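Any value given below was found using the heavy atoms of this structure, including those in side chains, with hydrogens, waters and symmetry copies removed. First listed ligand is number 1; within each ligand, the first listed atom is number 1. In this text, all values refer to a predicted model and were calculated from it rather than measured experimentally.
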Amino acid sequence: FDRNSSGLRAPSKASFGAEFPLSRQAHSLQLALAVDLGGSFIRVALVDDRGNIERMRRTEMVDCPDERIAIIVRMANDLLENKRDLVVGVGVSTGGRVNSETGEILFATKVLSGWGGVALKTRLQEQLGLPCYVENDGNCAALAEVHFGSHKMEDMVVLHFGTGIGGGIIQDGCLLNGSSYSAGEFGHIVVCFDDGPDCMCGNSGCVEAYAGGWALNKLAKEMELSSNWRKEGADDQKPVTPGQPNKPTYLTDLASDGVDYAVQHINRAVRAVASALLTIYSSYNPPVAILAGPLAPVYFDGVKNKLEERSAILGRNFTLLQSDMTEMSLKGAATLVLNNPSRA
Ligand code: BMX
Ligand code: CA
Ligand code: ZN
């Protein structure tokens, strides 16, 4: 099995410390312990170098950073039992801006409270005794698409619609981190400067504050409060897609039932996403943008139509695609450990 069969270069070499030289095997016996810290859940899994998930544990996200780390360590040790010899390292996908060289969290929105400043790589290495690599979750989604997806491209952007909106930029086959690890934080592209809704990051008018899962949930709650009405049998905890836990379905359910307020809001969210994509196009000129994650199907057709209205800007050299992958954060986290040719 050739890890480089896609012809893609390694995600930025600088992301991978050289302190743990590991030998490569020609077959698929190596496993990564992959950790996903999203807005709603902590998940830990064993993933092989073809992106297959062997075992997974999941629990709800908690507010306290120390408790978060303790939970990861507990679930990891549970999964490592009898498998430790096959596991070559820990790959962590987390919300927030991450210094992927030091594995420190630089900044996180209120969704992951207290996470900024946490030396995650060091702490997990100490407690698990395995080399650890940490990267932003939108970046991991992009790496997953590059290594295991059906749209392997040298240049593309990925937008992942979950609790928040994560993003990743692949340029010349490499992940683009930016001068201070903030490239591809697409959720915080400001689409309305003056009167936009407040965002979890501290700004207002970010695309995530219109179209992120948490924003849809917040609106559904506001709608209930203002109208003193709740749909019979409504379940605002219901996952969007089985296996992709998230909680934004209540508003999208209402929109598909034709409830006016919900329909209007989804249309507003679609315009916000289309607007963000125009900014991304003008900044990076990618040939392809891939919409991924549980909310991608809600927005895809509407966004495509809106972009067609602006074809004067986009020209003919731009394609909007939808990812067919699930569990992108976990799979991308595994590539930090397993699909790194610089380790050869
Ligand atoms: C937020 C931000 C991003 C992240 C995105 C998607 C934090 C904690 N998160 O914009 O870094 O990529 O959410 O995250 O700062 P998710 O919660 O949908 O997985
Ligand atoms: Ca990102
Ligand atoms: Zn924001």
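- When Gly96, Gly167, Ser93 are checked for heavy-atom proximity to atom 8 (C) of ligand 1, Gly96 turns out nearest.
- Close to ligand 1: His188, with a non-hydrogen atom less than 4.0 angstrom away.
- Heavy-atom minimum distance, Ser100 versus Asn177: OG-OD1, 3.9 Å.
- The 12-atom threshold is not exceeded at CZ of Arg310, counting heavy atoms of other residues, nucleotides or ligands nearer than 6.0 Å.
- Within the 4.0 Å heavy-atom criterion, the part of Ile165 lying near ligand 1 is the backbone and not the side chain.
- Of all the atoms in ligand 1, the ones that sit under 4.0 Å from a non-hydrogen atom of Asn136 are 11 (O), 12 (O).
- Put simply, the side chain of Asp36 does not reach to within 4.5 Å of the side chain of Ile42, judged on heavy atoms.
- Each of the atoms 1 (C), 10 (O), 13 (O) of ligand 1 lies under 4.0 Å from some heavy atom of Glu208.
- The proximity of Glu185 to ligand 1, defined as any non-hydrogen pair under 4.0 Å, is limited to the side chain.
- For ligand 1, the atoms lying closer than 4.0 Å to a non-hydrogen atom of Gly162 are 18 (O).
- Both Leu128 and Val134 are part of a single hydrophobic cluster, where members link through side-chain heavy atoms under 4.5 Å apart.
- Taking the charged nitrogens against the carboxylate oxygens, Glu185 and Arg97 do have a contact shorter than 4.0 Å, which makes a salt bridge.
- Cation-pi geometry between Arg58 and Phe41 is satisfied (NZ or CZ under 6.0 Å from the ring centre, within 45° of the ring normal).
- Residues Leu130 and Arg84 are in side-chain contact: their nearest non-hydrogen atoms beyond the backbone lie under 4.5 Å apart.
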Steps toward side chain to side chain donor-acceptor pair (under 3.5 Å) verdict (Glu81, Asn77): CA-CA 6 Å; Glu81 217 178 296; Asn77 281 328; over 6 Å; no

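- The side-chain heavy atoms of Leu320 and Phe300, taken from C-beta on, include a pair separated by under 4.5 Å.
- Side-chain contact, Glu60 with Ser40: no donor N or O sits under 3.5 Å from an acceptor N or O.
- In this structure the side chain of Met61 reaches within 4.5 angstrom of the side chain of Leu37, judged on heavy atoms.
- Polar contact check, Arg97 against ligand 1: no nitrogen or oxygen pair lies under 3.5 Å apart.
- Ligand-side atoms of ligand 1 in range of Thr109: 7 (C), 8 (C), 9 (N), 15 (O), range being under 4.0 angstrom from any heavy atom.
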Residue pair Val44, Leu79: steps toward the side-chain contact (heavy atoms from CB on, under 4.5 Å) verdict: CA-CA 8 Å; Val44 180; Leu79 289 182; 3.6 Å; yes

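- Protein atoms of type N, O or S found under 3.0 Å from the Ca ion (ligand 2) total 4.
- Salt bridge status for Arg123 with Glu126: absent, with no side-chain N to carboxylate O gap under 4.0 Å.
- At a cut-off of 2.8 Å, measuring from the Zn ion (ligand 3), the protein N, O or S atoms that fall short of it are His188 ND1, Cys199 SG, Cys201 SG, Cys206 SG, waters left aside.
- Defined by atom type and a distance below 3.5 Å, a donor-acceptor pair is missing between the side-chain atoms of Asn136 and Thr94.
- Looking at ligand 1, you'll find an N or O of Gly39 within less than 3.5 Å of one of its N or O atoms.
- Between Thr163 and ligand 1, at least one pair of N/O atoms sits closer than 3.5 Å.
- In this structure, CG on Leu80 lies 9.0 Å from CZ on Arg55, to the nearest 0.5 angstrom.
- Taking every non-hydrogen atom of Leu112 and a distance limit under 4.0 Å, the qualifying atoms of ligand 1 come out as 8 (C).
- In this structure, Asp137 and Ser93 approach most closely via the heavy-atom pair CB-OG, 3.1 Å.
- Backbone and side-chain nitrogen or oxygen atoms of Gly166 are examined, and none is located within less than 3.5 angstrom of a nitrogen or oxygen of ligand 1.
- The Gly38 neighbourhood of ligand 1 comprises atoms 17 (O), 19 (O), with distances under 4.0 Å to a heavy atom of that residue.
- For the ligand labelled ligand 1, residue Gly187 lies outside the 4.0 Å heavy-atom shell.
- Counting heavy atoms from C-beta outward, Thr326 and Lys331 have side chains that approach closer than 4.5 Å.
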